[in-house]
Amino acid sequence: MVSKVTVKAPSSTANLGPGFDVFGLAIDAFYDTITLTKIKSGIKIITDDNIPTNPEKNTAGLVVKNMKKKFKIKDGIEIKIKKGIPAGYGMGSSAASAAATAVAFDKLFGLKLNGNSLVEFAGSGEKASAGTVHYDNVAASVLGGFVIVKTNPLDVIRIEPPTNLRMCIAVPTINVPKKKTKVSRGVIPKKIKLSDSILNLSNAAAIVAGFMKKDPEIIGNSIKDVIVEPARQHMIPGFAKVKENAIKAGALGVTISGAGPSVIAFSKSSANLKKISLAMAKGFAFTNTKCQTVICKPSKGAANKRK
Ligand code: HSE
C-alpha cells in the first residue's frame with residue numbers, strides 16, 4: 001500500500017480567444033507540485049508559499065475534502081504544496097494545484113478514476129479561488145494537450161497539439177485584484193450581438209480544425225475574440241500595444257491568457273520566438289510595465305493519460 005504520492009501539474013491557458021470557458025491548453029511554462037501523505041486524521045496543508053492553509057479556502061484542500069467524502073476515506077491527509085505557477089496571472093495556477101491533487105489522491109487510494117471524473121474533482125477544488133466552477137484550466141492541467149470542455153454532463157475531449165506549436169507568454173508585473181477571476185468575469189457583457197457570436201463561433205471551430213489538422217497557422221490565425229477580449233483588455237495596461245507588437249514581430253495570433261493579465265502569442269517553432277517575446281515586453285514597457293516573458297510548448301497533463 002502506498003502512503004505517499006507526488007504529482008506535478010502544468011500551467012495552462014484558457015479560452016484561446018473565442019473559446020471562453022470551453023478551450024484549454026496545457027503549457028510547459030510552469031508547474032505546481034503536490035505531495036499527498038496519509039496521516040492519522042484530518043487535512044493538513046504544508047507550504048512555503050503565500051496561499052491559504054485552511055483546507056476550506058485552499059484549492060488542493062477542497063479537492064481532498066471532496067474526494068475523501070465521496071469515497072468514504074477515513075485516513076487523514078497531509079498536503080504539501082510547492083507552487084511554481086504565478087498565482088493570479090491567467091496561467092491556471094489554482095487549477096494546476098487542484099489537478100495535481102485530484103490525480104495524486106486517485107493514485108494514493110488506487111481509485112483508477114477516468115479523465116472526466118478527475119477533471120470534475122479538480123474543478124470542485126478550483127471553486128475556492130475562482131468563485132464559480134469552470135473546467136477549462138483544470139481539464140488541460142489534468143489531461144494535457146488541447147481540451148474542449150462540454151458541460152451538462154461534463155465531457156472533455158482532448159486533442160494532441162501539433163508538435164511545432166509554440167507560445168510566447170508575457171506575464172506583466174502588476175498588482176492583480178484579490179478575486180481577479182471573479183472581477184474579470186464581471187466585466188463580460190451579459191448580452192451579445194448575433195454577428196459577434198457568429199464570428200467567435202467560426203474562429204472557435206477553425207481552432208479545433210487547426211488542432212485536428214496539426215496546423216499552427218490555422219490555430220494562430222483563428223485566435224480572434226470579439227466578445228470577451230474587448231471587454232477585458234482595459235484591465236491590462238498596454239494590451240493593444242503588446243498585441244500589435246507581437247503580430248508585427250511575426251506572431252500568428254495574440255490574446256489574453258485565461259482571465260489575464262498575461263498575454264499569450266501563438267506561433268510555430270520556425271518563427272523568431274525571441275523577437276516576438278521581446279516585442280511583447282517592449283509593448284508593456286510602453287506603459288512602464290515590466291513583464292516576465294516565457295517561450296513554451298504544449299505540455300502533458302498531471303494524469304499523463306490519453307482519453
Ligand atoms: N475561462 C476562464 C475565464 C478562465 O476566462 O474567466 C479563468 O480561470
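Both counts, for ligands and for their atoms, begin at 1 and track the order of listing.
Here the side chain of Ser195 pairs no donor or acceptor atom with the backbone of Lys193 at under 3.5 angstrom.
Taking only non-hydrogen atoms, the option from Asp21, Asn15, Ile256, Val138 nearest to atom 5 (O) of ligand 1 is Asn15.
Ligand 1 has Arg232 within reach: a non-hydrogen atom of the residue lies less than 4.0 Å from it.
A salt bridge links Arg185 to Asp21: one of the charged nitrogens lies within less than 4.0 Å of a carboxylate oxygen.
If you run side-chain contact (heavy atoms from CB on, under 4.5 Å) between Val119 and each of Val138, Leu113, Asn114, only Val138 comes through.
Ser12 and Asn137 form a side-chain donor-acceptor contact under 3.5 Å, judged by distance and modelled atom types alone.
Ligand 1 places these atoms under 4.0 Å from at least one heavy atom of Ala14: 4 (C). Each of the following atoms of ligand 1 lies closer than 4.0 Å to a heavy atom of His134: 2 (C), 4 (C), 7 (C), 8 (O). Those atoms of ligand 1 that come under 4.0 Å of a heavy atom in Asn137, given as number and element, are 4 (C), 7 (C), 8 (O). Heavy-atom proximity to Gly258, at under 4.0 Å, picks out these atoms of ligand 1: 5 (O).
Note: Met280 CE to Ile247 CD1 = 9.5 Å, rounded to the nearest 0.5 Å.
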